[in-house]
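Some notes on the structure that comes next.
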Amino acid sequence: MAVARATPSPDRTTRRYPMQLAATRIFTDDVDALVAFYEKATGIGAARLHPLFAELRTPAGTLAIASTETVPLLGEGAAEARANRSVALDFLVADMDATREGLRDVVDTVVSEPTDMPWGNRSLLVRDPDGTLVNFFTPTGEAARSRFAGQARG
């Protein structure tokens, strides 16, 4: 049995990681509404690959939005819209407080106003139109700033 490592080690032959998270996908009954929310909330334009599928691409990964009409292609009952209560999407932003102001007309449900977290981030937690928890955060502590140094931020 293989043991998972806390920090992945690059394959010594290719000097690449053996696996890379390519995307996180949300299944929804209303692709247009969810795409509009994430475009407004992030300032990232979505690539509409199909009327039932869109992607918001960032340097660190892709947020994919797919219609529940695509679920049968994966296996009947493989996913369900509006049923997630165990995953949060985290977006690194340059200035959490400025981001909060920009989201006032975009977000309907605020879970937690900007809060300084014990691990060194200032976070705003909201829900998207389907109820997914979304965290917009800025590293404020020294260790947190080091952890995210060099990553793109808007």
Side-chain angles (χ1 to χ4, degrees), residues 1-8 17 19-141 143-144 147-148 151-154:
M1 178 192 309
V3 176
R5 298 180 183 160
T7 304
Y17 289 96
M19 186 181 299
Q20 180 179 343
L21 179 63
T24 298
R25 187 179 329 171
I26 299 174
F27 291 92
T28 182
D29 293 331
D30 191 343
V31 172
D32 293 335
L34 214 54
V35 166
F37 170 83
Y38 281 102
E39 284 182 327
K40 289 177 191 171
T42 66
I44 300 167
R48 291 301 294 259
L49 307 178
H50 186 276
L52 302 177
F53 189 85
E55 293 181 337
L56 284 88
R57 299 177 186 134
T58 77
T62 297
L63 176 61
I65 299 171
S67 170
T68 49
E69 292 179 45
T70 66
V71 170
L73 299 170
L74 308 174
E76 199 58 46
E80 178 183 344
R82 304 183 64 87
N84 174 32
R85 289 291 190 196
S86 63
V87 173
L89 301 176
D90 296 318
F91 288 95
L92 177 63
V93 298
D95 181 338
M96 176 56 270
D97 294 300
T99 297
R100 174 60 182 116
E101 288 306 311
L103 292 173
R104 289 218 183 270
D105 296 332
V106 176
V107 172
D108 291 329
T109 305
V110 175
V111 175
S112 176
E113 289 289 349
T115 303
D116 294 326
M117 299 298 187
W119 46 88
N121 291 336
R122 184 157 177 77
S123 294
L124 166 69
L125 290 141
V126 303
R127 292 211 181 272
D128 74 13
D130 277 11
T132 300
L133 188 61
V134 182
N135 174 34
F136 295 94
F137 75 97
T138 299
T140 55
R147 220 173 35 252
F148 295 102
Q151 288 192 19
R153 290 186 264 170

Rounded to the nearest 0.5 Å, how far does [atom2] of [Y] lie from [atom1] of [X]?
X      : Y      : atom1 : atom2 : value
Thr99  : Phe137 : OG1   : CZ    : 11.0 Å
Leu125 : Asn135 : CG    : CG    : 4.5 Å
Thr62  : Leu56  : OG1   : CG    : 8.5 Å

#### Entry: Sidechain N-carboxylate O distance under 4.0 Å for Asp95, Arg122
no

What is the minimum heavy-atom distance between [X] and [Y], and which atoms define it?
X      : Y      : answer
Ala54  : Ala46  : CB-CB, 4.3 Å
Pro129 : Leu34  : CD-CD1, 3.6 Å
Arg85  : Gly131 : NH1-O, 3.6 Å

### All ring pair (Phe, Tyr, Trp, His ring centres under 6.0 Å) counterparts of Phe91, not counting sequence neighbours
Phe136

So do [Y] and [X] actually touch side chain to side chain, heavy atoms under 4.5 Å?
X      : Y     : result
Leu74  : Arg25 : yes
Asn84  : Ser86 : yes
Asn121 : Met96 : no
Glu76  : Val71 : no
Phe37  : Thr28 : no

### Message
Applying the side chain to side chain contact (heavy atoms under 4.5 Å, CB included) criterion to Arg82, which one of Thr132, Asp30, Ile26, Asp130 satisfies it?
### Response
Asp130

Answer yes or no: is there a donor N or O on one side and an acceptor on the other, between the side chain of [X] and the main chain of [Y], under 3.5 Å?
X      : Y     : answer
Glu55  : Leu49 : no
Thr58  : Ala60 : yes
Thr138 : Val93 : yes
Ser67  : Leu52 : no

#### Entry: Evaluation steps, side-chain contact (heavy atoms from CB on, under 4.5 Å), between Ile44 and Tyr38
CA-CA 8 Å; Ile44 300 167; Tyr38 281 102; over 6 Å; no

Report all side-chain donor-acceptor pairs from residues 107-114 shorter than 3.5 Å, counting only partners two or more places apart or in another chain.
residue, atom, partner, partner atom, Å
Ser112, OG, Thr115, OG1, 3.3
Glu113, OE1, Arg100, NE, 2.8
Glu113, OE2, Arg100, NH2, 3.1

### Query
Going through the checks in order, is the side-chain contact (heavy atoms from CB on, under 4.5 Å) test met by Arg48 and Val31?
CA-CA 10 Å; Arg48 291 301 294 259; Val31 172; 3.5 Å; yes

